[in-house]
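Here's the structure we're looking at; comments come further down.
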Amino acid sequence: MELIDTHCHLTFEPLDAEVDAVLERSRAAGVTSWITVGTNLQDSIKAAEFAGRFGNLYTAVGVHPHDAKDVTADTLAELRRLAEDVKVVAIGETGLDFHYNFSKQPDQLRVFAAQLKLARELNLPVVIHSRNAFDETMEVLEQHGSGLRGVVFHCFSGSPEQTQRVLERGYYISFTGVVTFKNAERARQAAKLIPLERLMIETDCPYMSPEPMRKQKVNEPALMIHTAKFLAELKGMDLAEFAAAVTATSKVFFGLPSPANDPL
Ligand code: NI
């Protein structure tokens with residue numbers, strides 16, 4: 001069996017200090033490839049460096065809306081340079097977070113649009129973080145997203161109506177362990193609606209361990225197996241069949257080699 005954790009933060013504490021062991025436990029659990037996602041320039045540099053050290057570890061580089069306030073033209077030039085590395089497979093995470101508003105909304109909008117432009121120029125897919133800003137996110141994508149190779153809404157918990165709108169645009173949707181939580185009925189409704197050709201899974205670790213491991217404070221890629229089992233059951237499939245389908249979708253979306261043959 002082959003599974004890809006399409007959105008993790010291996011550069012974050014405490015995972016960064018023991019990446020070898022984290023990836024070893026992940027492989028043992030059947031989660032055999034990873035995309036570690038940058039959240040600002042420094043973190044993206046670190047993520048690309050990690051990706052250079054391990055086979056089947058890829059990276060997205062970008063600036064999270066929380067950090068949009070610090071982005072200058074130089075930052076974007078550095079991201080572009082970084083994105084030329086063969087192991088950089090996406091731009092992100094980028095988007096809008098109007099829940100926390102750690103950066104002012106005009107800064108978030110500016111930096112989101114700039115990263116969409118970068119993704120289009122580099123022909124890379126985009127990983128979207130959207131919180132309390134669904135309509136605004138869709139609007140920016142409408143204005144600046146034409147010609148993008150691919151768009152995924154990560155850690156999705158939209159309504160059925162929002163799910164339909166995302167699917168109609170041809171975008172992808174990715175679920176974290178949140179879909180296993182008792183109070184996440186909305187995410188489960190969404191998951192039922194999404195065809196496997198558009199569905200991916202992720203941990204977003206070190207946050208949000210899935211049930212039944214929710215008490216484990218530090219999430220890690222190995223635990224994604226629980227999310228995979230949960231969604232397979234929700235979809236009425238066996239795990240192997242579900243894993244093959246979401247892995248195929250993830251490989252197409254991120255342009256990963258099939259079969260996995262990264263020699264590092
Ligand atoms: Ni994330």
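Just so you know, ligand 1 is whichever comes first in the structure, and atom 1 is the first atom listed for that ligand.
Side-chain atoms of L167 and I194, non-hydrogen and from C-beta on, do get closer than 4.5 Å to each other.
Heavy-atom minimum distance, V179 versus F230: O-CE2, 3.4 Å.
Geometry about the Ni ion (ligand 1) gives an angle of 100° between NE2 of H7 and NE2 of H9, rounded in steps of 10 degrees.
No donor-acceptor contact under 3.5 angstrom links the side chains of H64 and N40, judged on distance only. Side-chain contact annotation: S250 with T247, donor-acceptor N/O pair under 3.5 Å absent.
Distances from the Ni ion (ligand 1) to the N/O/S atoms of D204 are shortest for OD1. Summary: OE2 is the N/O/S atom of E93 found nearest to the Ni ion (ligand 1).
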